[in-house]
J.: 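After the structure tokens below, expect a handful of questions from me.
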Amino acid sequence: MKHAVYKKKKIDLALLGREQYQFIYETGLRGEVTCEQCGEQVRLYLGIEQPPHFYHATIPHIRIECEGHEVTEIRSQTDMNTQEEYVERNGFRLPKSRNIQAQSHKNSMQWKNSISIELLPSFKKRVFTTMPDTSSYIQSLQERGITLDTHQWEAVTTTEGPLLILAGAGSGKTRVLTARTAYMIQEQQIDPGSIMLVTFTAKAAKEMKQRLLHYPFMSGAIIKKLIAGTFHSIFYKMIAHFQPQVWNMDRLLKWEWQKEQIVKEAGRELHLEEREFAYDQALQQISYWKNTLTGVRDVRPSSQWEEQVHYLYKHYEERKRKEKMFDFDDMLYGCYTMLKENPSLLARYQERLGYFLIDEFQDINKVQYEIMKMLSAESKNLCAVGDDDQSIYAFRGSDPSFILNFEHDFPGTKVVTLSENYRSAHNIVASANKVIAGNKERRNKKMFAQFDNNAYPIVFFPYDEEEEATMIVTDIKQKIQQGAHPSDFAILYRTHSASRAVFERLTQSNLPFTVEQDAESFYQRRMVRSMLAFLRLSINPNDTKAIQDLLMSLFLKQSALNDIKALSILNDVSLVEALKFLENLQPFQQKKLKKIVPLFASLQNLSPLTALETIEKDMGFDDFVKKRGNEGNIMEKGSDDVRDLKVVAKKFQTVTELLDHADHMTAMNKEMKQLSRQFHDSVQLSTIHRAKGLEYKHVYVLSCVDGGLPHDYALEAYRNEDEAPLEEERRLLYVAMTRAQQSLYLSVLETRRGKTAYPSRFIKPFLSKSLKRPVVTT
């Protein structure tokens, strides 16, 4: 049905302003929208597979009868454009005395049907069998259900000399690594104690060992002889064996708070405010410098923030050295230094270790790379397994050039390409191929799917982040009703902040879902918390916690809190009023405080959106964002958080409602983290980085628009003639797409953070007129 009634006013979807769809959807959930024919409650369908329509949620059998009698007469455009009286409701301008169908502004966007990505190469299955070999080993593998295609078998049986295995997404690289290790031990009779098998996570190392037990003639005793584990675990054993007193685990800085404590000491010397300075980002930058072999003396700061972090870096290293402490990065850096400064020790390792296998080679950083080069310099038997198209950890020091330049660094390298994708359907693989082909700095290769389900990837066009979340949750519910399980689904995004709306919609849906343990609640982010503090103080001018959150946005030190409390008592005024009595401030600060204090009380009487705009423009928050909103984090700007909060604010009529919602969602974030450990069948919310190496039947990728994916920082770098960040963003989208097994959905927002959005340049070729066809036409 295209018509319904809300508060005795007719709704016509053909004329409804595009920005009002989400509002009508939510009022329908509250039972406030009714059928024009029978008067029963109806809801607005906002999903991916079909255009918007009203339906009977509780009495399905009425639907056909009502649709048959539905009034289809639509008023003329001339009638629509007549003068109206409007009232603001939930952030929307709705007609006061006429049908809700009238558009709120002349150029209101229209609904766009989802489209399927077509005109892709047709599917042709490529059949590869194992190399013709009648050995008992091959027969025993087949008996255990272990099969290898031609290229995989070539990688397994090439045991001597440098070998680069280009293992594309879903190509079975883990099977190849384990099969190669078993083959070397059983068929080549290589001493397992001379083999080093390196992974990036302890989970991956454990999985490798478990899989090896399934191979013929392998046992726990044999596997135990392998030098297998993560870079950190293996290199730590080496340095601990060399200097056990220096590298005693009791001296390890295990926790982030321990490291933050040290750098905050140095920060106080620079008069940095603890609640303002991004110490977590500073520690990440220090880690990056160490992993790229950039010592304290080698740093060349390029900004004031880097100068400050450089000072912290120097203090951090001096304090560790004085206290004889070390961190996880030191395990790598220390191993590199040990081998570099002790040639005889290096020679002993080179003599003992003859074969090296490295998983996820595209994620390797400089210090890891240099250590492996040293260890394998004599034997030359270095096997690197990776995919330059999946190199997405530049912020940790990884670099695809280690794969691109492998043959130069290791002369005589044999390259084996695993090009068969056993994970994803043909059209997913073909579309991912088209996306990644846009990168210039990559090895030329293409993946081929092993099956086709005749389902095309879908591009859908939500109005904004709120509607994006609604459409996805609706689609998931539909698929679950058709027999899917919650664990079949993953919703992937570029940064944690992009998950705010979908988290809230899932919370309302009662679907089980899992969030990452380090995913901070949107409402606890620094900028959001500060802005909400203004609103909290408008309701309770003596809210001590809010005053504390407010100080940094007023460019006041945290020590001012005690002064405010004292002035409040001495002058018998609220904490907000006490701001006017602060002394020893710059004249511009005193003038600003006297101006904004009277404005606090007025905020609670405004709509939430208007209140936030008042804080931003009239109370000086915009100045704070410009000066301090991006310190230490080029990925997540403070201005982005402000715009995100304004999108949320449109949903509420009062400031109190917005604050209650923020508090509820913060509590839900904590609760969901605790419950996530109990869920074995749940929808997965994840950043693309965290989803790497995983797979799901159905994948939704959020915000495929310029500024979202690719991220703003990459576009800015590109404008400054640096293409590397943009190419990594394209690899991120490739990784996200290749997580999907059966269906893939790409979201292209019409507006993002309140502004017009434009389709990601990575998927624009799919949106040309010749390539698109609506998913549905009814």
J.: Under 6.0 Å from the six-membered ring centre of Y215 and within 45° of its axis: does the NZ or CZ of R211 meet both?
T.: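 Judged by the rule (NZ or CZ under 6.0 Å from the ring centre, within 45° of its axis), R211 is not positioned above Y215.
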J.: Given side chains that start at C-beta, do those of S391 and F402 come closer than 4.5 Å, heavy atoms only?
T.: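 Result no, sub-4.5 Å side-chain heavy-atom pair not found.
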J.: Compare all side-chain heavy atoms of F460 with those of N113 and state whether any distance is below 4.5 angstrom.
T.: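 In short, these two side chains do not touch, never coming nearer than 4.5 Å.
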J.: How far apart are the C-alpha atoms of R690 and E516, what are their side-chain angles, what is the distance that settles it, and do they pass the salt bridge (charged side-chain N to carboxylate O under 4.0 Å, His left out) test?
T.: CA-CA 9 Å; R690 287 290 179 87; E516 297 172 20; 3.4 Å; yes
J.: Taking side chain as C-beta onward, heavy atoms only, is F503 less than 4.5 Å from M672?
T.: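 They are in side-chain contact.
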J.: Test E728 against R731 for salt bridge (charged side-chain N to carboxylate O under 4.0 Å, His left out), laying out the working first.
T.: CA-CA 5 Å; E728 176 150 323; R731 293 194 292 270; 3.4 Å; yes
J.: Take a 6.0 Å sphere around NZ of K366 and say whether it holds more than 12 heavy atoms from other residues, nucleotides or ligands.
T.: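 No, NZ of K366 has 12 or fewer neighbouring heavy atoms, counting only those of other groups under 6.0 Å.
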J.: Compare all side-chain heavy atoms of S431 with those of P457 and state whether any distance is below 4.5 angstrom.
T.: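 A side-chain contact exists here, since the closest heavy-atom pair is under 4.5 Å.
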J.: Contact between V705 and S760 at the side-chain level, heavy atoms closer than 4.5 Å - yes or no?
T.: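 No. Closest side-chain heavy atoms not under 4.5 Å.
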J.: Sequence neighbours left out, what passes side-chain contact (heavy atoms from CB on, under 4.5 Å) with Y288? Give chain and number order.
T.: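 side-chain contact (heavy atoms from CB on, under 4.5 Å) list for Y288, sorted by chain: Q285, T292.
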J.: Taking salt bridge (Lys or Arg N to Asp or Glu O under 4.0 Å) as the definition, give me every residue that meets it alongside K209, ordered by chain and number, with sequence neighbours left out.
T.: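 Not a single residue meets the salt bridge (Lys or Arg N to Asp or Glu O under 4.0 Å) criterion with K209.
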J.: Can the ring centroids of H689 and F395 be said to lie less than 6.0 angstrom from one another?
T.: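 Yes.
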J.: Taking side-chain hydrogen bond (donor to acceptor under 3.5 Å, both in side chains) as the criterion, tell me which of R761, R752, H711 meets it with D706.
T.: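 That would be R761.
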J.: Look at the rings of F489 and Y700 and say which category their plane angle falls in: under 30° parallel, 30 to 60° tilted, over 60° perpendicular.
T.: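 Rings of F489 and Y700: parallel, as their planes differ by under 30°.
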J.: Under the salt bridge (charged side-chain N to carboxylate O under 4.0 Å, His left out) criterion, do R442 and E727 qualify, and how do the steps go?
T.: CA-CA 9 Å; R442 66 182 291 264; E727 295 221 335; over 6 Å; no
J.: Return yes when atom NZ of K445 has more than 12 non-hydrogen atoms of other residues, nucleotides or ligands closer than 6.0 Å, and no otherwise.
T.: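 Buried by this count: over 12 neighbours within 6.0 Å.
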J.: Strictly under 6.0 Å, is that where the ring centroids of F406 and F361 end up?
T.: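 Yes, the ring of F406 comes within the 6.0 Å limit of the ring of F361, centre to centre.
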J.: Among T147, L148, V176, find the residue that satisfies the side chain to side chain contact (heavy atoms under 4.5 Å, CB included) test when tested with W153.
T.: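 The single option meeting the side chain to side chain contact (heavy atoms under 4.5 Å, CB included) with W153 is L148.
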J.: Please tell me whether Q684 and S686 have a donor and an acceptor in their side chains that are separated by less than 3.5 angstrom.
T.: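 Note: Q684 and S686 side chains miss the donor-acceptor criterion.
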J.: Around E441, counting heavy atoms of other residues, nucleotides and ligands shown, do more than 12 lie under 6.0 Å from its CD?
T.: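 At most 12 heavy atoms, drawn from other residues, nucleotides or ligands, come within 6.0 Å of this atom.
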J.: Of R753, R525, R500, which is the lone residue that meets salt bridge (charged side-chain N to carboxylate O under 4.0 Å, His left out) with D641?
T.: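 The option that passes is R525.
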J.: Among residues at least two apart in sequence or on other chains, which ones pass salt bridge (Lys or Arg N to Asp or Glu O under 4.0 Å) with D359?
T.: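 Salt bridge (Lys or Arg N to Asp or Glu O under 4.0 Å) check on D359 returns K173.
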J.: Indicate yes or no: at least one non-hydrogen side-chain atom of P486 is less than 4.5 angstrom from one of I480.
T.: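 The answer is yes, as the side chains (C-beta and beyond) meet within the 4.5 Å cut-off.
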J.: Does F356 reach the side chain of C383, with side-chain heavy atoms less than 4.5 Å apart?
T.: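 They are not in contact (no side-chain heavy atoms under 4.5 Å apart), so the answer is no.
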J.: Would you please test R505 and E467 for salt bridge (charged side-chain N to carboxylate O under 4.0 Å, His left out) and show each step?
T.: CA-CA 10 Å; R505 206 68 74 253; E467 193 176 272; over 6 Å; no
J.: Taking the six-membered ring for Trp, are the ring centroids of Y21 and Y463 within less than 6.0 Å of each other?
T.: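 Ring centres of Y463 and Y21 not closer than 6.0 Å.
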J.: In the structure I gave you, are the side-chain heavy atoms of V416 and L164 within less than 4.5 Å of one another anywhere?
T.: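 Side-chain contact under 4.5 Å: no.
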J.: So, for F762 and Y734, is the gap between ring centers shorter than 6.0 Å?
T.: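 That pair fails the under 6.0 Å test.
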J.: Does atom OH (Y393) have a neighbourhood of more than 12 heavy atoms from anything else shown, all under 6.0 Å?
T.: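 Counting neighbours around OH of Y393, more than 12 heavy atoms of other residues, nucleotides or ligands fall under 6.0 Å, so yes.
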J.: From I392 CD1 over to D363 CG, what is the distance, rounded to the nearest 0.5 angstrom?
T.: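 If I round to the nearest 0.5 Å, the distance is 7.0 Å.
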